[in-house]
Amino acid sequence: GRYTGGYDADRMLSIAAGAVIAADAGAEIGLTSDTDIRVDGTIRAPAGKIALALTAPPSAIKAVYNPDQAISLGNTALLDAGGTLVPTTNSLGLKLGQVLAGGTVSLTADRGYLLTAAGSRIDVSGSQAQVDIVNAAGKARPTIGSAGGSINLTAAEGMILQGQLRAAAGQGQAATGTTRPAGGRLSVTLDAQRRAEPEDTVFTTGDRVIHIGAVLPALPDAGSLAAGGIDQSLNGQAYLSAAQIAAGGFDALALTAAVIEPDQYADTPLVPEAGAIRFDGDVELALAHSLILDAPLISGNGKVALSANTFRLGSSLNRAAHGKLAGASAAADFSVAANLIELQGSSQIDGFGQIRFSSAGELRLSGVRPNGEADLAGSLEVAGNLTLAARQVYPTTFSRYRIAIDADLNPDGTLDILPAGGAWATPYSAAGALALSAPHIANRGVLLAPFGSIDLQAGKSLTLAARSVTSVSD
């Protein structure tokens, strides 16, 4: 699919309906084009890797820019890297073999869109099989299940994901014991930084926004969009639903709006200037393992309830906020419950009147240095009231982290620090700096910065409750 000229739709790489590309267990199949990829048939690599990629033309070529380029999965498309049994022959008549976990499917559009029609399916589910186990206790034939694999979706211009995404664990016990095998991982990334823009060509620079709703909104049919052209209103937007994530059996989810926000917004931007994850309406997400929200802005207009074993929020590419918050609605809530919570880099949370992070263990505050800066810095700015509940809240080693409520938007805003169950202990962290700013600050929990600093800037009231801890000692 690679050529030495401008964009030419006639050079599309296409897998027609009824066509099958099949490989052995553990194999890798890759398709690469710098025009378009259209799949209506089947690509199968059990427990292997399937990778479809749209790349920029060679840098020496003056390429025509077409934002409607796409990796498209039609209604009959199947990308199958699900787990499988690899049997082992033997002379004893035993049923032996390896129950392999689901593999990896990666769709990467360095230019253009990802479009998956409603009838399409990407499957990296685990598998299950009965195998014989012989040991000192005798012979048994349990059902062994394997873990789900990974689905990685990355696009520069946007995504409409109407198809099925499957990564459920296989039924049965895990090969390592009685614990159930894990469901798979879904990664969704909007990233317009690898489009290789020629100096004399203007690319689209609108905000990159990942939308999450309880269900998908009414959208054009992704199966026919590539042929008919993609409306400008869809540029920079990606759509995914909580229903798809739950039906897919995922135990881990990572959402990334990979946008580096400038210090000042330009009149004629060269790259997207803002990136966001937006929750449309009421949304509940529960992940057994991990949930990552990596974006400069988190916004919404409903009641959002998120839970996971580990949770991370914040932009890994930004050290400080640059945009202005719009305000908060008393009817909108954002709540997170996890065993470990990490706030990293810079992020803003907008639209929610009440924001609550509840960790059964620690709540870590981590700075970043995406461009090799000499220090680690990060911040969280919110428009609503903020509650941090954890066994202990602290900056990681050498991190400078600031948490603030916008006093102009919320002049009576309250930042509450609450305890969680269990005794606190000095973390393995040193020389961090923590700054809190809000009209009202109330510490009823544990704030720590061993060998570092804690700066509490309360515009109207500061409360250090009985049995609370505010400490910079070891």
Side-chain angles (χ1 to χ4, degrees), residues 37 51-56 65-73 105-116 122 150-163 165 185-197 203-213 216-217 219-220 222 225-226 230-242 244-245 253-262 269-280 283 285 291-300 312-318 322-323 344-348 350 370:
I37 297 176
L52 309 185
L54 283 186
T55 61
Y65 172 57
N66 181 2
D68 292 353
Q69 290 177 246
I71 298 175
S72 304
L73 305 186
V105 173
S106 299
L107 307 185
T108 305
D110 289 343
R111 290 187 176 185
Y113 289 81
L114 297 184
L115 307 172
T116 67
I122 301 175
S150 298
I151 297 176
N152 304 313
L153 307 176
T154 302
E157 305 300 342
M159 303 184 200
I160 296 184
L161 306 175
Q162 296 170 328
L165 306 170
R185 182 180 191 270
L186 174 62
S187 172
V188 176
T189 302
L190 283 179
D191 185 358
Q193 299 181 59
R194 297 183 293 178
R195 298 184 295 182
E197 294 94 330
F203 283 26
T204 58
T205 58
D207 297 349
R208 266 39 187 175
V209 182
I210 299 175
H211 297 262
I212 301 291
L216 286 177
L219 293 168
L225 267 179
I230 301 173
D231 190 272
Q232 179 63 27
S233 65
L234 298 174
N235 186 263
Q237 312 300 300
Y239 295 90
L240 185 66
S241 74
Q244 287 174 295
I245 296 166
L253 173 66
L255 304 178
T256 304
V259 174
I260 301 174
E261 294 193 335
L270 298 178
V271 295
E273 292 197 319
I277 297 170
R278 178 171 178 80
F279 292 91
D280 296 323
V283 178
L285 283 176
L291 175 57
I292 298 172
L293 304 180
D294 188 333
L297 175 65
I298 310 296
S299 67
R312 190 170 81 220
L313 178 144
S315 173
S316 58
L317 298 177
N318 293 272
H322 302 293
Q344 71 158 12
S346 172
S347 194
Q348 296 173 301
D350 203 9

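All heavy atoms count here, side chains included; hydrogens, waters and symmetry mates do not.
Note on residues 152-163: pairs passing salt bridge (charged side-chain N to carboxylate O under 4.0 Å, His left out), not counting sequence neighbours, are Glu157-Arg195, Glu157-Arg208.
The distance from the CG atom of Asp191 to the CG atom of Leu317 is 8.0 Å, given to the nearest 0.5 Å. Considering CG of Leu219 and NE2 of His211, their distance stands at 9.0 Å, rounded to 0.5 Å. Here the CG-CG distance, from Leu114 to Leu73, works out to 8.0 Å after rounding to the nearest 0.5 Å. Rounded to the nearest 0.5 angstrom, Leu285 CG and Phe279 CZ are separated by 6.0 Å.
Within the 3.5 Å criterion, the main-chain N or O of Leu54 finds no donor-acceptor partner in the side chain of Gln69. For the pair Ser347 (side chain) and Ala295 (backbone), a donor-acceptor distance under 3.5 Å is present. With hydrogens and angles ignored, the 3.5 Å screen pairs no side-chain donor or acceptor of Gln348 with any backbone N or O of Ser299. Side-chain N or O atoms of Asp207 include none that pairs as donor or acceptor with a backbone N or O of Val209 at under 3.5 Å. Using modelled atom types, no side-chain atom of Gln344 and backbone atom of Arg312 make a donor-acceptor pair closer than 3.5 Å.
The residue from Thr189, Leu186, Leu291, Leu240 that alone fulfils the side-chain contact (heavy atoms from CB on, under 4.5 Å) condition with Leu255 is Leu240. With Leu107 as the partner, the side-chain contact (heavy atoms from CB on, under 4.5 Å) test is satisfied by one option alone out of Leu153, Ile151, Ile37: Leu153.
Taking each heavy atom of Gln244 and Leu161 in turn, the nearest pair found is NE2-O, 2.7 Å. Smallest separation of non-hydrogen atoms from Leu52 and Ile71: O-CD1, 3.6 Å. Nearest heavy-atom pair across Leu190 and Gly236 is CD1-O, 3.4 Å. The minimum heavy-atom distance linking Asp68 with Ile230 is given by the pair OD2-N, 3.4 Å. The minimum heavy-atom distance between Ala222 and Leu115, with the atom names listed, is O-CB, 3.9 Å. Here the closest non-hydrogen pair linking Met159 and Tyr113 is N-CD2, 4.2 Å.
Applying the salt bridge (charged side-chain N to carboxylate O under 4.0 Å, His left out) criterion to Arg278, with sequence neighbours excluded, gives Asp280. With sequence neighbours left out, the side chain to side chain donor-acceptor pair (under 3.5 Å) criterion links Ser150 to no other residue.
Judged by distance alone, the side chains of Asn152 and Ser106 do bring a donor and an acceptor atom under 3.5 Å apart. Side-chain N/O atoms of Asp294 and Ser316 include a donor and acceptor closer than 3.5 Å.
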**OP:** Assess whether side-chain contact (heavy atoms from CB on, under 4.5 Å) is satisfied between Leu165 and Thr116, documenting all intermediate values.
**Re:** CA-CA 10 Å; Leu165 306 170; Thr116 67; 5.7 Å; no
**OP:** Could you walk me through whether Leu297 and Asp350 pass the side-chain contact (heavy atoms from CB on, under 4.5 Å) test, one step at a time?
**Re:** CA-CA 7 Å; Leu297 175 65; Asp350 203 9; 3.9 Å; yes
